[in-house]
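Below is one structure; the comments refer to it alone.
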There are 2 protein chains.
Amino acid sequence: MQINLSESQQKHMHVEEAVQSLRRIVKALHDYSTAVEQQIGLTGPQLWALWELGRAGPLSLKALSARMHLDPSTVTGVVDRLQKRDLLVRAPDLEDRRRVILSLTTAGAEVLKAAPHPAQSQLLHALHAMPPAEVEGLNRALKQVASLMEVEATPVRFFFAEE
Amino acid sequence: MQINLSESQQKHMHVEEAVQSLRRIVKALHDYSTAVEQQIGLTGPQLWALWELGRAGPLSLKALSARMHLDPSTVTGVVDRLQKRDLLVRAPDLEDRRRVILSLTTAGAEVLKAAPHPAQSQLLHALHAMPPAEVEGLNRALKQVASLMEVEATPVRFFFAEE
DNA sequence: ATAAATTAATTTGCATGCAAAAAGTTTGTA
DNA sequence: TACAAACTTTTTGCATGCAAATTAATTTAT
């Protein structure tokens, strides 16, 4: 079967598919987190925090927040729950007493050893599995999308052909 | 200054940048929602719910939940807040008394008329602004990433409105 | 040397988001 | 018809997530 599409129709199709693919990626990330939670009893953010501590050694709360790209007040809660389960400890920083030093406990390190990678790694894995040229092209296109979206910082009304 | 990078180092760089770009896209979506919230005093999900009601007429809570791809228990809360501000009303369905019929109030329709589209328009706008070849390449790469991430095939869900 | 500004972590308040269970309604079946 | 099963909404409980305010400690400026 041969169907002829106008150039704008083809483009619209690609846009729809690209949006669909982004949804699939987000869903895959979410599903992976849910599966991990079922498996080891830690939520996505909790495992992620442990994982960052495991790879980057003891960290202050702020440093951990920065690595997770989350607000410190959010990470405080995540750390509370991990501490309650003795997977990490808070210790005062003698250099700067405002700071708290977060370290894995032995139990935390054990859990981490048995745990799968956090969901972020799922994405990294996929990207590393792709041909370099593909990754480079994807990178260029994503950067452009991000730039175009950042230009429109303030809400504007958009109008679309059919929809 | 000339620095030689191995092929794997170059690839790793592209991977990092691609992940960074995805983060920027997610952040741009969030920033847009925040800007809308500042402008019209409605959160992203609240505007989204109003918008679906505006375009798809009166809906039951379940039907609205389905359109938003959110759990009914979540939408109950969103609807509560909109009802408290008289932007929509709950009415019993005489056909099936389990159901609740959600309708925009005049005030709700007014707010909607003055409001920008919900956040996903930002992304669509950016994609439509790109050269067709770029979109096609992006599409192909994203599909591959999604496939690689989907260890087991599962039905696609959504992270924002559409249709 | 001391006041002012900054910084780190926490607390509080609000809004998602889901799962599980409760309550009322309708449908299917024996 | 009676009763079980399924459906619709709400409630409850928990875990993010951010913004704004607080507290304590440190740095900067006067």
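In what follows, chains carry the letters A, B, and so on, assigned in the order in which the sequence lines appear, proteins first and then strands, with residues in each chain numbered from 1.
The 5' end of DNA chain D is approached more closely, in terms of each residue's nearest nucleotide, by Leu61(B) than by the other of Leu61(B) and Val78(A). Checking Arg98(A) against Thr76(A), the closest nucleotide of DNA chain C that is more toward the 5' end is the one next to Arg98(A). Place Glu95(A) and Arg81(A) on DNA chain D by their nearest nucleotides, and Arg81(A) ends up nearer the 5' end.
In this structure, the CG atom of Asp71(B) is 12 Å from the P atom of dT9(D), given to the nearest Å. Glu37(B) has its CD atom 10 Å from the C1' atom of dA19(D), to the nearest Å. To the nearest angstrom, P of dA15(D) lies 16 Å from CG of Leu47(A). Taking atom CD1 of Ile101(A) as the reference point, atom C1' of dA9(C) lies 12 Å away to the nearest angstrom. Atom-to-atom, CG of Asp96(B) to P of dG24(C) comes out at 16 Å; the value is rounded to the nearest Å. Rounded to an integer number of Å, the gap from Leu64(B) CG to dG17(C) P is 12 Å. Between the P atom of dT10(D) and the CD atom of Gln83(B) lies a distance of 9 Å, rounded to the nearest Å. The distance from atom CG of Leu42(B) to atom P of dC14(C) is 17 Å, rounded to the nearest whole Å.
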*Let me see the working for Val89(B) and Leu104(B) under side-chain contact (heavy atoms from CB on, under 4.5 Å), right down to the final yes or no.*
CA-CA 6 Å; Val89(B) 289; Leu104(B) 289 183; over 6 Å; no

_I'd like to know whether Leu42(B) forms a side-chain contact (heavy atoms from CB on, under 4.5 Å) with Leu82(B), so could you lay out the CA-CA distance, the side-chain angles of the two residues, the decisive distance to 0.1 Å, and finally the verdict._
CA-CA 9 Å; Leu42(B) 290 176; Leu82(B) 290 171; 4.0 Å; yes

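Comparing dT16(C), dT10(C), dT9(D) by their closest approach to the side chain of Gln46(B) singles out dT16(C). Distances from the side chain of Leu70(A) to the nucleotides dT16(C), dT25(C), dG17(D) place dG17(D) closest. Listed nucleotides: dT9(D), dA8(C), dG17(D). Nearest to the side chain of Lys62(A): dA8(C).
On a pure distance criterion of 3.5 Å, no polar donor-acceptor pair joins the side chain of Ser73(A) and the base of dA9(C). No hydrogens or angles were tested; on distance alone, nothing pairs the side chain of Ser60(A) with the base of dA9(C) as donor and acceptor under 3.5 Å.
Annotation: side chain of Gln39(B) is in contact with side chain of Pro116(B) (closest heavy-atom distance under 4.5 Å).
A side-chain N or O of Gln83(B) and one of Arg90(B) form a donor-acceptor pair less than 3.5 Å apart.
The two residues Pro72(B) and Ser65(B) come nearest to each other via the heavy atoms CA-OG, 3.3 Å.
Under 4.0 angstrom from either OP1 or OP2 of dT8(D) there lies no side-chain N or O belonging to Arg97(B). Contact annotation: Thr43(A) does not reach the phosphate of dA15(D) (side-chain N/O to OP1 or OP2, under 4.0 Å). Between Arg99(B) and dG24(C) there is no side-chain polar atom (N or O) within less than 4.0 angstrom of OP1 or OP2.
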